[in-house]
Number of protein chains: 2
Amino acid sequence: MNGRHSGRPTLEEVALRAGVGRGTVSRVINGSPRVSDRAKAAVEAAIAELGYVPNRAARALAGNRTDAIALVIPEPETRLFAEPYFSDIIRGIGAELADTDMQLLLTLIRTPKERARFAQYLAAHRVDGVLLVSVHEDDPLPDLLEQLEMPAVLNGRRSDLESVSYVDADNVGGARAAVAHLIARGRRQVATITGPPDMYVARSRLDGYRQAVEAAAGGLDSGFDTALVARGDFTEEGGRRAMRELLVRRPGIDAVFAASDVMAAGARAVLRETGRRVPDDVALVGFEDSAIARHMDPALTSVRQPTEEMGRTMARVLLEEIAERESVRRHVVLATELVQRDSV
Amino acid sequence: MNGRHSGRPTLEEVALRAGVGRGTVSRVINGSPRVSDRAKAAVEAAIAELGYVPNRAARALAGNRTDAIALVIPEPETRLFAEPYFSDIIRGIGAELADTDMQLLLTLIRTPKERARFAQYLAAHRVDGVLLVSVHEDDPLPDLLEQLEMPAVLNGRRSDLESVSYVDADNVGGARAAVAHLIARGRRQVATITGPPDMYVARSRLDGYRQAVEAAAGGLDSGFDTALVARGDFTEEGGRRAMRELLVRRPGIDAVFAASDVMAAGARAVLRETGRRVPDDVALVGFEDSAIARHMDPALTSVRQPTEEMGRTMARVLLEEIAERESVRRHVVLATELVQRDSV
DNA sequence: ATGAAAGCGCTAACAC
DNA sequence: GTGTTAGCGCTTTCAT
């Protein structure tokens with residue numbers, strides 16, 4: 001008998017008050033159908049009167065679960081992936097979790113050492129599931145998760161054959177729509193600035209560009225032309241470099257589709273420096289990962305991703321995976337939207 | 001005897017392997033000095049061999065603590081407080097927590113109902129401490145935290161007499177520096193766009209403005225003049241409205257200090273619409289809560305807040321409060337920096 | 001349908 | 001110093 005008692009009512013006290021056994025109280029709390037209405041009512045009354053709140057730690061210990069999921073954010077990416085992405089995703093996750101009593105753990109992973117530590121966490125089953133954002137092709141975490149049979153959902157995928165559940169934006173479709181838009185407006189030399197080719201998202205957006213170009217038939221000066229493709233790295237400086245390259249290779253360019261709005265910002269700066277009017281001389285459409293496009297130039301057309309919805313969907317999918325014991329992989333691709341804010 | 005055993009080694013197995021009792025293992029894990037070097041070595045070896053990781057739930061249950069802290073974010077604010085603030089704070093907290101084995105719980109609070117639910121969490125002692133951002137004057141949470149004697153740290157304060165621990169930026173000093181800068185550059189009619197007067201941060205920035213104006217003596221056309229003070233609400237539209245008002249009241253304004261960069265953006269738009277050149281005709285300095293200033297106009301001077309450091313400091317202060325049992329309140333004010341990016 | 005009882009893995013008090 | 005033991009509050013058989 002020690003004085004550790006926290007002062008909060010326990011399940012046992014509820015049972016006493018309701019005049020039932022602890023097992024019954026537990027069943028009521030967990031919504032078991034095997035309780036009489038009478039007992040259920042008594043228990044619920046007792047819970048309300050006592051202001052009983054189950055002890056999470058005890059539950060976790062006895063039930064071998066944690067009622068918590070982790071959102072893993074590779075630190076280097078939090079800067080690159082511009083900020084609204086980050087908070088939109090979190091908002092979405094939060095919205096989905098609101099009615100649950102799942103908790104959201106935020107895990108920033110900066111170094112391999114921290115990754116190792118997180119792997120320990122996972123192995124020790126300290127969370128019921130994991131949400132991963134900005135996953136790189138060579139990220140070891142998804143495979144680890146799979147080995148551990150830990151429910152997990154990625155935002156984006158590592159490749160076409162992604163084996164782990166994921167929620168992704170329709171990058172191909174978004175890019176295609178953007179380029180088709182430019183072509184429909186009469187642009188005849190549409191270039192593109194891509195992301196690093198080892199990122200699936202970059203390849204997808206390039207695919208979309210290519211599809212639109214190839215579908216254009218005679219609407220363009222040429223078919224798919226590698227001279228109109230410049231490689232960026234999703235940074236503004238990368239966008240600048242790519243734009244300069246493009247202007248050297250094809251000075252007559254009259255439109256650019258950038259695989260990210262940050263690169264679009266870089267491209268825009270270069271275009272202006274070289275005396276081109278944007279969007280009149282050279283129209284610019286970017287994939288909107290951040291809100292930079294909006295702030296930089298509220299009139300710029302861009303491909304909007306449903307970031308918050310991605311967050312919601314990720315959480316929903318993860319909860320489903322946790323609920324069923326089997327690991328059925330789910331793949332969800334959400335539509336993007338071409339937000340036309342200019343009259344190019 | 002049931003098959004629930006998770007497969008992970010337990011403290012007991014470590015004890016067996018090391019040839020000591022469970023108590024000793026526990027002492028080693030928790031860094032108690034009351035263990036012989038011999039025993040300690042044996043235990044550590046066993047831990048390494050078995051790959052033992054303590055079970056958090058069991059620890060929490062037995063030790064009546066959770067090794068987790070919550071970061072509470074009032075949902076309505078996440079949009080208002082522009083995004084980089086948010087991720088910088090989190091980055092800072094994460095950095096500070098990295099060497100700890102504290103977990104960070106993210107709690108979005110959207111509605112009074114959710115707040116009530118969170119209060120339950122707190123009462124049930126599901127976290128060891130709480131970090132609060134963007135606290136309003138009438139927010140009931142800080143007082144609740146105090147009643148519960150739950151360690152807590154705010155970012156910002158509700159008033160001069162804040163009773164809960166807080167970490168804040170030097171709003172008065174930052175504003176004063178900004179206005180002094182404008183005056184030093186020869187501006188003679190410096191206006192200000194404030195935030196809502198029921199927010200301490202807004203009042204502080206106005207105080208700084210006032211101090212600088214009053215210190216300027218003959219450097220300005222007039223002393224502190226309420227006609228040069230327009231009220232905004234930290235939104236861009238609010239900045240616009242305030243700027244229009246100011247131009248009606250004092251068309252000769254040649255400088256504006258905005259209490260946030262979002263409002264500065266609004267003001268800038270209005271200035272340009274009315275044919276003023278920025279910064280030549282009217283110089284603009286804003287408090288940089290977001291990175292909007294940087295993106296919108298990389299050359300704009302602004303008052304930079306050490307957001308990431310605020311996050312780190314908040315976490316550090318909270319950990320200290322948790323470590324000592326007494327609740328000593330700490331108040332930390334971090335310096336801001338005037339980042340001069342133009343030559344106004 | 002429900003009470004009793006056996007743990008879940010750990011901490012901390014207690015004895016030696 | 002170290003082993004032993006009694007819980008922490010809950011879930012989950014197992015009887016009944």
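The analysis underlying the following values was restricted to heavy atoms, covering all of them including side chains, and did not include hydrogens, waters or symmetry mates. Keep in mind the model is a prediction, meaning the values are calculated, not measured. Labels below follow one simple rule: chain letters A, B, ... track the order of the sequence lines, proteins then strands, and each chain is numbered from 1.
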Which one, dC10(C), dC10(D), dC8(D), comes nearest to the side chain of Leu11(B)? dC10(C)
Salt bridge Asp88(A)-Arg91(A), side-chain N to carboxylate O under 4.0 Å: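 Salt bridge between Asp88(A) and Arg91(A), a charged N being under 4.0 Å from a carboxylate O: yes.
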Heavy-atom closest pair (Glu114(B) atom, Leu108(B) atom, distance to 0.1 Å) is OE1-O, 3.1 Å
Would you indicate, yes or no, if [N] has its OP1 or OP2 atom less than 4.0 angstrom from a side-chain nitrogen or oxygen of [X]?
{"X": "Asn55(B)", "N": "dC8(C)", "answer": "no"}
{"X": "Asn64(A)", "N": "dT11(D)", "answer": "no"}
{"X": "Ser26(B)", "N": "dT11(C)", "answer": "yes"}

Separation of [X] atom [atom1] from [N] atom [atom2], in whole Å?
{"X": "Arg59(B)", "N": "dC8(C)", "atom1": "CZ", "atom2": "P", "result": "19 Å"}
{"X": "Leu50(A)", "N": "dG9(D)", "atom1": "CG", "atom2": "C1'", "result": "15 Å"}
{"X": "His125(B)", "N": "dG9(D)", "atom1": "NE2", "atom2": "C1'", "result": "15 Å"}
{"X": "Arg8(A)", "N": "dG9(D)", "atom1": "CZ", "atom2": "P", "result": "11 Å"}
{"X": "Glu12(A)", "N": "dT12(D)", "atom1": "CD", "atom2": "C1'", "result": "16 Å"}
{"X": "Ile29(A)", "N": "dT12(D)", "atom1": "CD1", "atom2": "P", "result": "12 Å"}
{"X": "Arg56(A)", "N": "dC10(C)", "atom1": "CZ", "atom2": "P", "result": "20 Å"}
{"X": "Asp67(A)", "N": "dT11(D)", "atom1": "CG", "atom2": "C1'", "result": "12 Å"}

Drop me the distance from Ser26(A)'s OG to Arg59(A)'s CZ, to the nearest 0.5 angstrom. 7.5 Å
Take atom CD in Glu12(B); do more than 12 heavy atoms of anything else shown fall under 6.0 Å from it?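 For Glu12(B), atom CD is not crowded (no more than 12 foreign heavy atoms under 6.0 Å).
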Begin with the C-alpha distance, continue with both residues' side-chain angles, and end with the deciding distance and a verdict on salt bridge (charged side-chain N to carboxylate O under 4.0 Å, His left out) for Glu308(A) and Arg312(A). CA-CA 6 Å; Glu308(A) 184 169 341; Arg312(A) 268 203 308 277; 3.7 Å; yes
Are there any protein N/O atoms within less than 3.5 Å of an N/O atom in nucleotides 2-4 of chain C, and if so, which ones and at what distance?
residue : atom : partner  : partner atom : Å
dT2(C)  : OP1  : Ser36(A) : OG           : 2.6
dT2(C)  : OP2  : Ser36(A) : N            : 2.7
dT2(C)  : OP2  : Ser36(A) : OG           : 3.1
dG3(C)  : OP2  : Gly21(A) : N            : 2.5
dG3(C)  : OP2  : Thr24(A) : OG1          : 2.6
dG3(C)  : O5'  : Gly21(A) : N            : 3.4
dG3(C)  : O6   : Arg27(A) : NH2          : 2.7

Say whether, by atom type as modelled, one donor and one acceptor occur between the side chain of Asn30(A) and the main chain of Ser32(A) under 3.5 angstrom.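 Looks like no, no N/O pair under 3.5 Å.
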Does the structure place the NZ or CZ of Arg157(A) under 6.0 Å from the centre of the six-membered ring of Tyr200(A), at an angle of no more than 45° from the ring's axis?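 Because its charged atom misses either the 6.0 Å distance or the 45° angle limit, Arg157(A) does not stack over Tyr200(A).
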